[in-house]
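Worth knowing before you read on, the calculation uses all heavy atoms, side chains too, and leaves out hydrogens, waters and symmetry mates. Reminder, nothing fancy here: chain letters follow the sequence lines and each chain counts from 1.
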Amino acid sequence: MSQRSYWLFKSEPTNFSFDDLRTCPNSTEHWDGVRNYQARNYLRDEVQVGDQVLFYHSNIAVPAIVGIAEVVRAGYPDWTARDPENKHFDPASTAEKPIWYMVDVRFVNPFPRPVKLAELKNNPALSGMVLLSRSRLSIQPVREEEWRQILRMGGVEE
DNA sequence: GCCAACGTTGGC
DNA sequence: GCCAACGTTGGC
């Protein structure tokens, strides 16, 4: 029995928003299209069923963490890499030797108050967050203390 | 829309 | 294996 971990997943809401996740069948969706090796390693090797996820909206006027999702399926080959029609097609990835991985996530709940990037930056307790030093990494680990702090900032009851 | 930061590619 | 060129990300 492994202890559950915390993550931050980034998404551009114009592509896929937290509300899109909510309205998916069973509020569950594949987290596909990740094409960065470090993020891939997390998805393939570390993200586990039951892990909790901060859903972050990037590349918009007011970037913010908007809610919580949960991992419902651990890493497995991202088949969109083998679909020539797909935007994220990668001919180097095969069924025998997949390069890219995805997980499945489920909508849990929105924050009563979204936590803006500016607020994260202004909180000294969060100065070690990966988001602030490696902003481009799309799958990032979150420490338990950071998780609790951010939920508090988002108005989530303990 | 700009541009800095950063990841990837490919010539050597 | 180095590193310049290039493409992408994402805050502003």
Whichever of Ser133(A) and Asn59(A) has its nearest DNA chain B nucleotide further upstream toward 5': Asn59(A)

Separation between OG of Ser138(A) and CG of Leu8(A), rounded to the nearest 0.5 Å: 10.0 Å

Counterpart residues, side-chain contact (heavy atoms from CB on, under 4.5 Å), relative to Ile99(A) (two or more places apart): Tyr37(A), Arg40(A), Asp90(A), Ala92(A), Ser93(A)

Tyr56(A) side chain reached by Leu117(A) side chain, heavy atoms, under 4.5 Å: yes

Where chain A begins and ends its contact with DNA chain B, read 5' to 3' at 4.0 Å from heavy atoms: dA5(B) to dT8(B)

Point-to-point distance, once rounded to the nearest 0.5 Å, from CZ of Arg106(A) to SG of Cys24(A): 12.5 Å

Arg73(A) NZ/CZ over Tyr76(A) ring centroid, <6.0 Å and within 45° of normal: yes

End-to-end axis angle, where each axis spans five pairs of the helix from dG1(B)-dC12(C) to dC12(B)-dG1(C), to 10°: 10°

Basic-acidic side-chain contact under 4.0 Å: Arg152(A), Glu157(A): no

Co-membership, hydrophobic cluster, residues Trp147(A) and Met129(A), 4.5 Å side-chain: yes

Members of residues 115-123 of chain A that approach DNA chain C, where some heavy atom sits under 4.0 Å away: Leu117(A), Lys121(A)

For Phe55(A), all residues meeting ring pair (Phe, Tyr, Trp, His ring centres under 6.0 Å), sequence neighbours excluded: Phe18(A), Trp31(A), His57(A)

Contact check, side chains of Trp7(A) and Gln52(A), non-hydrogen atoms, under 4.5 Å: no

Those residues of residues 32-46 of chain A lying under 4.0 Å from DNA chain B by at least one heavy atom: Asn36(A), Tyr37(A)

same_hphob_cluster(Phe9(A), Ile68(A)) at 4.5 Å side-chain heavy-atom cutoff: no

Partner of Asp78(A) under side-chain hydrogen bond (donor to acceptor under 3.5 Å, both in side chains), chosen from Arg44(A), Arg35(A), His88(A): Arg35(A)

Beyond-backbone contact of Val72(A) with Val49(A), side-chain heavy atoms, under 4.5 angstrom: no

